[in-house]
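Worksheet for the structure shown next.
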2 protein chains.
Amino acid sequence: MPVTIAEVARRAGVSKSTISRYLNGMYEHMGADTQERIAQVIAELDYRPNTLARGLKQKRTHTIGAIVANILNPFSTSIIRGIEDTLQEAGFNLILCNADDDPAKERDYVNMLVDKQIDGLIINTTGCNNPLIAQVNQQTPVVLIDRKAPEINIDTVTVDSACGVRQAIDHMVSVGHRRIAMVTLPYDHISPRLERVQAYQAALAGHRLPFREEWLIRTGGDETEVAAKLQALVGAGSHENSPTAIFCANNLITMSVVRALKKMRVAIPDKVSVLGFDDWDWAELIEPPITVVAQPVYAMGNKAAMMLIKRLKAPRMPKKPAIVMFQPELLKRKSCGEQEAE
Amino acid sequence: MPVTIAEVARRAGVSKSTISRYLNGMYEHMGADTQERIAQVIAELDYRPNTLARGLKQKRTHTIGAIVANILNPFSTSIIRGIEDTLQEAGFNLILCNADDDPAKERDYVNMLVDKQIDGLIINTTGCNNPLIAQVNQQTPVVLIDRKAPEINIDTVTVDSACGVRQAIDHMVSVGHRRIAMVTLPYDHISPRLERVQAYQAALAGHRLPFREEWLIRTGGDETEVAAKLQALVGAGSHENSPTAIFCANNLITMSVVRALKKMRVAIPDKVSVLGFDDWDWAELIEPPITVVAQPVYAMGNKAAMMLIKRLKAPRMPKKPAIVMFQPELLKRKSCGEQEAE
DNA sequence: ATGAAAGCGCTAACAA
DNA sequence: TTGTTAGCGCTTTCAT
């Protein structure tokens, strides 16, 4: 039976109101002796306020919810760390959820978080629950991270995919490639994926290289599927219908592609070069170390949390949503044949 | 202004109790028409019960807390997935926390979760908050995962480190190694780390190999520190005071060691072999693919969640704690010179 | 500088 | 089969 505010009040010989004031830092008109006595009783009893009761009354919980798309992706965990550190510093609690790239799970988590009366939400959304998210944003500040939702007006932190892709393709071209394929996950509702595909096409055009439908591979990411599609593309030996380089739209894809290529015993970069969007800790331990376009993921998590806190501190901020775009950076390693050409 | 149970009651022309009964599935003595009317009003108003109010009254929240040691470690995220799937199926919510291997953060998270009235806790503990955790376990079922706390009586799911280490050392010996070093993070309060060190010593003894203090490297995991220590150990070329193989106590260490060795241009396994405890997704993409002792992490997460649910379903279970031990499995790849010797 | 009392939204006896 | 009532533990006017 946990100790309640009433018990503390009784022992300190004051009323519940006074204890409550003490708990909420309203020391202004409070006797120094009273404060001391209360502090002592609280310590003695190891009293902890019931946050449910408090939340019920105050309608604020000092808790932020965060939903990531896929917790197995290092991209998500780095973002989480960025969010976590910032919130911790600001004194907010964090409830973490993993939507597992499943719109239904995402919906359930959003509802759960709203039910738990979170004060704010940071979400790397599947893009399939925009009406729900827009509705939440009416009562509770929401910040989108990584993925935009143009049709709803919400604070967003994202990365400049177009610029990143341009750097990637430029690099591949500079290293001698002319036949560049791209592998991506389905990009129906997910803005960066779509942007990257469009930027890929634009970058090819910029170099007067033709865009070939059959070199744009959409895959669910399943490894055998990726292997099969790559087999069809590059398995038959080099010729003018096979690409010499593969641009991977995110790190999960990059890993699948590298894995498939290794299994097929297609040498990287000798036979086919690989360049990935998004860096991760051990990309450089792979053989060959993978050249990537790195996103400042930790900083993005930071920023998202700060934007949320700003809204919370100024509840009547202009509703004009802020869109913050981070710049990605090309990290040249060895998977594009760099050593030969540069 | 969210809609409350009172509003639903008013519109449905019944009392709050009836709505409450409906919400809690007590349809037994309820008119079919009443049910229908309630269902309709709820749908119309998009009513969602206030979980804070409910939790305050019921003293249960249908929510489980989980604290992992380090969310950047694939070990943690796989466990999370195991926990998540099982809880989801059982209809429990999950609040995820990342202690970041910091006892103070861990303490804060435990307190936060208790304050939020979680029904149960799964924790991969730093080992520095045992009194607190034992205290929590009095009122709220706790399951320890991966790391044991022998001095407190709590359900635990862990892995048979001794057996795993034995397999690892046996394998290294069978492949021709006689001079085997070990690298570990500090193991003061963390049971598997200590067990692995002890098992390493025992396994050496089993093969009549001497244990050398200077070949047991304790490190904070910082990369430059690891590099410096490895440099001292194997940097000077092969001789009888330098080990021919390194056993890494977990995957973070494995990555640090591989990274350091690569930077030092020490060939694996030609110059030094590497074997790691704990597998992860892309261990086989590294060059050379790393031989590891794999833990059934997802299953461990599953099991921990199931044990917790069992306690919750049978609140008056014997307090006798269950210790479940999973068996690890050696995955032979290429980092121990396997191709030459087998 | 502090207390009394009402009420946040819900559930659970107890009545009817 | 349903309603009345009394809280859960806290905060917050309004008094004093």
Side-chain angles (χ1 to χ4, degrees), chain A residues 1-39 41-42 45-63 93 111-112 114-119 139, chain B residues 1-39 41-42 45-63 111-112 114-119 139-140:
Chain A
M1 206 52 198
V3 16
T4 73
I5 203 175
E7 174 68 6
V8 176
R10 207 180 54 71
R11 296 233 196 175
V14 295
S15 74
K16 292 193 294 174
S17 326
T18 304
I19 307 294
S20 177
R21 290 196 190 93
Y22 177 86
L23 292 173
N24 291 285
M26 303 155 78
Y27 308 121
E28 313 172 20
H29 313 286
M30 204 177 297
D33 50 329
T34 322
Q35 284 182 50
E36 227 165 279
R37 212 147 13 94
I38 294 177
V41 173
I42 287 180
L45 299 183
D46 193 22
Y47 165 71
R48 318 210 88 239
N50 181 320
T51 57
L52 297 188
R54 180 179 280 188
L56 178 59
K57 184 70 191 179
Q58 294 192 142
K59 298 177 178 326
R60 286 176 301 102
T61 55
H62 239 66
T63 300
N93 290 319
N111 282 328
M112 174 195 98
V114 170
D115 289 350
K116 284 203 185 304
Q117 310 259 55
I118 47 161
D119 294 345
Q139 350 153 331
Chain B
M1 205 52 197
V3 16
T4 75
I5 202 175
E7 175 67 7
V8 176
R10 206 179 56 69
R11 295 232 195 175
V14 296
S15 76
K16 292 192 294 173
S17 329
T18 305
I19 307 294
S20 177
R21 290 195 191 95
Y22 176 87
L23 292 173
N24 291 286
M26 302 155 78
Y27 309 122
E28 313 173 19
H29 313 287
M30 206 178 295
D33 49 332
T34 321
Q35 285 182 48
E36 227 165 282
R37 210 145 18 91
I38 294 176
V41 173
I42 287 180
L45 299 183
D46 192 22
Y47 165 72
R48 320 209 86 238
N50 181 320
T51 56
L52 298 188
R54 180 181 279 188
L56 178 59
K57 182 71 190 179
Q58 295 192 142
K59 297 174 179 327
R60 286 175 302 101
T61 54
H62 238 66
T63 300
N111 283 329
M112 174 195 98
V114 170
D115 289 350
K116 285 203 185 304
Q117 309 261 53
I118 47 161
D119 294 345
Q139 350 154 331
T140 305

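In the text below, chain A, chain B and the rest are named by the order of the sequence lines, each starting its count at 1.
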Are any non-hydrogen side-chain atoms of [X] and [Y] less than 4.5 angstrom apart?
{"X": "Met30(B)", "Y": "Val14(B)", "value": "no"}
{"X": "Leu23(A)", "Y": "Ile5(A)", "value": "yes"}
{"X": "Gln117(B)", "Y": "Asn50(A)", "value": "yes"}
{"X": "Arg48(B)", "Y": "Val114(A)", "value": "no"}

Taking only nitrogen or oxygen atoms into account, show me every contact under 3.5 Å that the protein makes with nucleotides 1-5 of chain C, one pair per line with its distance.
from: dA1(C); atom 1: OP2; to: His29(A); atom 2: ND1; distance (Å): 3.2
from: dA1(C); atom 1: O5'; to: His29(A); atom 2: O; distance (Å): 3.2
from: dT2(C); atom 1: OP1; to: Thr34(A); atom 2: OG1; distance (Å): 2.6
from: dT2(C); atom 1: OP2; to: Gly31(A); atom 2: N; distance (Å): 3.0
from: dG3(C); atom 1: OP2; to: Ser15(A); atom 2: N; distance (Å): 2.7
from: dG3(C); atom 1: OP2; to: Ser15(A); atom 2: OG; distance (Å): 3.0
from: dG3(C); atom 1: OP2; to: Thr18(A); atom 2: OG1; distance (Å): 2.7
from: dG3(C); atom 1: N7; to: Arg21(A); atom 2: NH2; distance (Å): 3.4
from: dG3(C); atom 1: O6; to: Arg21(A); atom 2: NH2; distance (Å): 2.2
from: dA4(C); atom 1: N7; to: Ser17(A); atom 2: OG; distance (Å): 3.4
from: dA4(C); atom 1: N6; to: Ser17(A); atom 2: OG; distance (Å): 2.7

Provide, to the nearest angstrom, the distance between the [atom1] atom belonging to [X] and the [atom2] atom belonging to [N].
{"X": "Lys57(B)", "N": "dT5(D)", "atom1": "NZ", "atom2": "C1'", "value": "10 Å"}
{"X": "Arg10(B)", "N": "dT4(D)", "atom1": "CZ", "atom2": "P", "value": "15 Å"}
{"X": "Ile19(A)", "N": "dT11(D)", "atom1": "CD1", "atom2": "P", "value": "11 Å"}
{"X": "Arg48(A)", "N": "dC10(D)", "atom1": "CZ", "atom2": "P", "value": "12 Å"}
{"X": "Leu56(B)", "N": "dC10(C)", "atom1": "CG", "atom2": "C1'", "value": "8 Å"}
{"X": "Gln117(B)", "N": "dC8(D)", "atom1": "CD", "atom2": "P", "value": "14 Å"}
{"X": "Lys59(B)", "N": "dA12(C)", "atom1": "NZ", "atom2": "P", "value": "11 Å"}
{"X": "Gln58(A)", "N": "dT13(D)", "atom1": "CD", "atom2": "C1'", "value": "14 Å"}

Nucleotide of dT11(C), dC10(C), dG7(C) approaching Ala53(B) most closely (side-chain heavy atoms):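 When the side chain of Ala53(B) is considered, dC10(C) is the closest of dT11(C), dC10(C), dG7(C).
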Establish, with yes or no, whether the OP1 or OP2 oxygen of [N] is under 4.0 angstrom from a side-chain nitrogen or oxygen of [X].
{"X": "Tyr22(B)", "N": "dC10(C)", "value": "no"}
{"X": "Thr4(A)", "N": "dG9(D)", "value": "no"}
{"X": "Tyr47(A)", "N": "dG9(D)", "value": "no"}
{"X": "Asn24(B)", "N": "dT11(C)", "value": "yes"}

Five pairs per end, C1' atoms only: what is the angle between the end axes of the helix from dA1(C)-dT16(D) to dA16(C)-dT1(D), to 10 degrees?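 Both end axes considered, the difference amounts to 30°.
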Tell me, please, which residues at least two apart from Glu7(A) pass side chain to side chain contact (heavy atoms under 4.5 Å, CB included).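 By the side chain to side chain contact (heavy atoms under 4.5 Å, CB included) rule, Glu7(A) matches Val3(A), Thr4(A), Arg10(A), Arg11(A), Leu45(A).
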How long is the span from the [atom1] atom in [X] to the [atom2] atom in [Y], to the nearest 0.5 Å?
{"X": "His29(A)", "Y": "Thr34(A)", "atom1": "NE2", "atom2": "OG1", "answer": "13.5 Å"}
{"X": "Lys57(A)", "Y": "Leu52(B)", "atom1": "NZ", "atom2": "CG", "answer": "14.0 Å"}
{"X": "Thr51(B)", "Y": "Leu56(A)", "atom1": "OG1", "atom2": "CG", "answer": "10.0 Å"}
{"X": "Gln35(A)", "Y": "Thr18(A)", "atom1": "CD", "atom2": "OG1", "answer": "11.0 Å"}

